[in-house]
Amino acid sequence: MNNNSIGIFDSGLGGLSVFKEITELLPFENIIYVSDSKYCPYGNKTDEYITERSKVITNFLLSKKCKLIVVACNTATTASIALLRELYIVPFVGMEPAIKPAARLTKTGKVGILATEGTLKGNHYKKTKEKYASNIETIIQPGHGLVELVEQGLHNTKQGEELIKKHTEGMIAEGVDYIVLGCTHYPFFYDTLKRVLPPEIEIVNPAPAVAQRVKNILSEGKILKHESQSEYQFYTSGDKDTFANFLKVEFNIIAEIFSDKTLSD
Ligand code: DGL
């Protein structure tokens, strides 16, 4: 079991921001990453649609004997993780909108949340806000268009910068001092955000906490892999060249990208 892979999936390439944190924290683990780029974005789809896709991908990852599955997508976590946990016995780790640390740390009492429409409309966000951030003001902003730019590898462009400016100007004007990245695609705009935001605004990325949660579960279950070379496999339901190019540019990883009939039907 220890040598079995961790499965990670997202609507597309955004979950690679979580993959990065997991590989840094757990360098010996084997990983299978599934990008559902053919069906991306999830943010404007129904919960039923996203749950169907999540089940297809989970079945695929279980056919590869994954020991734990990371739903590296806030939108899919909101739409489907509760049902996935009922249907399958494998442990699932989902994305948590990092409102909790931001609410604890804010000095202005105002926190910006940048996420997809699906995440902002969902119960998961509402409940987390009620539980941890009822005493602060949250300024929410759907990041329309950002996921699509990352999927095309166009995030570090003038167009990306303009969109980030547009989506953050309202929050800046309201006086937020923390901005939570509520979509796993958005950490790829980190440099742009740093350039565009006033220096006193902090950016919160929940991915390191997710990696820590993965480590805790594997360690409690005594299924951590402790040594030897790790192996990464990348699958997509969409375009293989776009994925390969993204890995090369963002992570300096040269890898063959695979497709599978069950993922792209
Ligand atoms: N990375 C997904 C998330 O964290 C993007 C959702 C989408 O495909 O719209 O929500």
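Counting convention: from 1, in listed order, for ligands and their atoms alike.
Heavy-atom proximity to Asp10, at under 4.0 Å, picks out these atoms of ligand 1: 1 (N), 2 (C).
The existence of a salt bridge linking Lys107 and Asp177 is excluded, since no basic side-chain nitrogen approaches an acidic carboxylate oxygen closer than 4.0 Å.
The closest approach between Gly12 and ligand 1 stays at or above 4.0 Å for every heavy atom of the residue. Residue contacts with ligand 1: Gly14 is excluded, as none of its non-hydrogen atoms falls under 4.0 Å.
Between Glu151 and Ser37, the closest side-chain pair of non-hydrogen atoms falls below 4.5 Å. Using a 4.5 Å heavy-atom threshold, the side chains of Asp36 and Asp10 count as separate. Side-chain atoms of Tyr232 and Phe251, non-hydrogen and from C-beta on, never get closer than 4.5 Å to each other. With contacts defined as side-chain heavy-atom distances shorter than 4.5 Å, the pair Leu120/Thr116 does not qualify.
Protein heavy atom nearest atom 7 (C) of ligand 1, with residue, atom name and distance: Tyr42 N, 3.2 Å. Looking at atom 9 (O) of ligand 1, its nearest protein heavy atom turns out to be Gly43 N, 2.7 Å. Thr75 OG1, 2.6 Å is the protein heavy atom nearest to atom 10 (O) of ligand 1.
Contacts between Ser11 and ligand 1, counted as non-hydrogen atom pairs separated by less than 4.0 Å, involve the side chain only. Residue contacts with ligand 1, taken as heavy atom pairs separated by less than 4.0 Å, involve Thr184 via backbone and side-chain atoms alike. Proximity of Thr116 to ligand 1, defined as any heavy-atom pair under 4.0 Å, is confined to the side chain (atoms from C-beta onward).
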Pair Ile139, Lys110 - check side chain to side chain contact (heavy atoms under 4.5 Å, CB included), show working.
CA-CA 7 Å; Ile139 290 95; Lys110 292 180 182 185; 4.1 Å; yes
Which is it for Leu16 and Phe234 under the side chain to side chain contact (heavy atoms under 4.5 Å, CB included) test, yes or no, and what are the steps along the way?
CA-CA 10 Å; Leu16 291 168; Phe234 301 98; 4.3 Å; yes
